[in-house]
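Structure first, then comments.
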Amino acid sequence: MARQLNYHDMHAVFTRFREIEPEPQGELHHVNAYTLLVAVALSAQATDAGVNKATGPLFARVDHPQKMLDLGEEALTEAIRTIGLYRNKARNVMKLSRILVEQYGGEVPSSRAALQSLPGVGRKTANVVLNMWFRQPAQAVDTHIFRIGNRTGIAPGRDVDVVERAIEDNVPAEFQLHAHHWLILHGRYICTARKPRCAVCPIFEWCQYEEKTQ
DNA sequence: ATCCCGAGGG
DNA sequence: CCCTCTGGAT
């Protein structure tokens, strides 16, 4: 496993990310806090492109938890069938929508505890909503960030909560808010799981990945 | 540790 | 064919 990069190298790495993309954006389609929450919940073990394909038509009509209740679980299941794990996801989104209507006035709560108490919403999903909607420096650790953290030395750790803490503790404060999307986009397009594109990697000189090419 | 699960890429 | 994709609940 890679060693944690020191402060100097961490600063250099994120400075490079910022030079390439000053305002990194997520790629999950959404129109408000509710649709963001649903989109992120649907994105488990699925690609953003795959989720967007299903949520485009869905969110055009359903952009509020009450409308989701009106739509019904059968129709939702059909609408998201092309996404993986669709039965569990449809069931969870229906339950979650009911809770939002009955307990939160149809709004998406802004506390981690409230978010994580929703069915189908774990720590990662809660962190993404906290980061993207409520603009908190929450560090969601997904498959990309776990892989990259360990390959590069940006945030090494055997499990996700160790990686999450490594990011909180070692990413310089000025980069905390955008760290999530910089790392996601790097993982999606450069440091891919299968054949990482080391030849075009902007942080190659700091990377500790033992199997890196070039 | 296992299950859920379709789409896309190699 | 096999692997991967912004995980969560049991």
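Chain identifiers are assigned alphabetically (A, B, ...) following the order of the sequence lines, protein sequences preceding nucleic acid strands; residue numbering begins at 1 within each chain. Note that these values count all heavy atoms, side chains included, but never hydrogens, waters or copies made by symmetry.
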How close or far is atom P of C:dA9 from atom NZ of A:Lys95, stated in whole angstroms? 10 Å

I'd like to know if A:Arg87 reaches the base of B:dC4 with its side chain such that a donor and an acceptor end up less than 3.5 angstrom apart. no

Would you say a side-chain N or O of A:Tyr86 is under 4.0 Å from OP1 or OP2 of B:dC5? no

Whole angstrom is fine here: how far is it from CG in A:Asn88 over to P in B:dC5? 5 Å

N or O in side chain of A:His180 less than 4.0 angstrom from C:dT6 OP1/OP2: no

Comparing A:Val121 and A:Ala193 on DNA chain C - which has the more 5′ nearest nucleotide: A:Ala193

Close side-chain approach of A:Lys89 to A:Ile83, heavy-atom, < 4.5 Å: yes

It should be established whether A:Lys89 places a side-chain nitrogen or oxygen under 4.0 Å from OP1 or OP2 of nucleotide C:dG7. no

Just N and O in the side chain of A:Ser43: are any of them under 4.0 Å from OP1 or OP2 of C:dC5? no

Got a donor-acceptor pair under 3.5 Å from the side chain of A:His144 to the base of C:dT4? no

Only residue of A:Phe175, A:Trp182, A:Trp206 satisfying side chain to side chain contact (heavy atoms under 4.5 Å, CB included) with A:Val13 is A:Trp206

Given B:dC4, B:dA7, B:dG10, identify the nucleotide with an atom nearest to the side chain of A:Thr82. B:dA7

Rounded distance in Å between the P positions of C:dG8 and B:dA7: 22 Å

Counting heavy atoms from C-beta on, name the nucleotide in C:dT6, C:dC3, C:dG8 closest to the side chain of A:Thr125. C:dG8

Between A:Arg188 and C:dT6, is there a side-chain N or O to OP1/OP2 distance below 4.0 Å? yes

So what does A:Leu118 hit on the nucleic acid, given a heavy-atom distance under 4.0 Å: a base, only sugar-phosphate, or nothing? sugar-phosphate

Whole angstroms only, please: what is the CD-C1' distance between A:Gln139 and C:dT6? 13 Å

Assign each of A:Gln116 and A:Gln25 the nucleotide of DNA chain C bearing its closest heavy atom; nearer the 5' end lies the nucleotide of A:Gln25

A:Leu115 CG to C:dG8 P, straight-line distance once rounded to whole Å: 12 Å

Taking the minimum atom-to-atom distance to the side chain of A:Lys195, which one of B:dG10, B:dC5, C:dT6 wins? B:dG10

Considering only C:dG7, B:dG6, C:dT6, which nucleotide approaches the side chain of A:Met132 most closely? C:dT6

Ranking B:dA7, C:dT6, C:dC3 by distance to the side chain of A:Arg194, first place goes to C:dC3

The single option from A:Leu28, A:Asp63, A:Leu58 passing side chain to side chain contact (heavy atoms under 4.5 Å, CB included) against A:Thr35: A:Asp63

With a 4.0 Å cutoff (strictly under), does any side-chain N or O of A:Arg91 reach OP1 or OP2 of B:dC4? no

Which is more 5' along DNA chain B, the nucleotide nearest A:Gly84 or the one nearest A:Lys53? Just name the residue. A:Gly84

So that I can tick it off, tell me whether A:Arg123 and A:Glu164 are bridged by a salt bridge, with the cut-off set at under 4.0 angstrom between side-chain N and carboxylate O. yes

Using a 4.0 Å heavy-atom cut-off across all strands, classify A:Arg81 as base, sugar-phosphate, or nothing. sugar-phosphate

In whole angstroms, the gap separating C1' of C:dT6 from CG of A:Asn131 amounts to 12 Å

Indicate whether OP1 or OP2 belonging to C:dC5 is found under 4.0 Å from a side-chain N or O atom of A:Thr143. yes

Geometric class of the A:Phe17/A:Phe14 ring pair [parallel <30°, tilted 30-60°, perpendicular >60°]: perpendicular

Spacing between A:Leu130 atom CG and C:dT6 atom C1', to the nearest angstrom: 15 Å

Do NZ/NE/NH1/NH2 and the carboxylate oxygens of A:Arg188 and A:Asp48 come within less than 4.0 Å? yes

Does A:Gln45 have a side-chain nitrogen or oxygen under 4.0 Å from the phosphate oxygens OP1 or OP2 of C:dG7? yes

With P as the reference atom in both, quote the distance from B:dC4 to C:dT6 in angstrom, rounded to an integer. 22 Å

Atom CG of A:Leu85 and atom P of C:dG8 are separated, to the nearest Å, by 12 Å

Under 4.0 Å, heavy atoms only, any strand: does A:Gly120 hit a base, just the sugar-phosphate, or nothing? sugar-phosphate

Starting from C1' on C:dT6, measure out to CH2 on A:Trp182 and report it in whole angstrom. 18 Å

A:Ile203 reachable from A:Ile20 in the ILVMFWY side-chain graph, under 4.5 Å edges: no

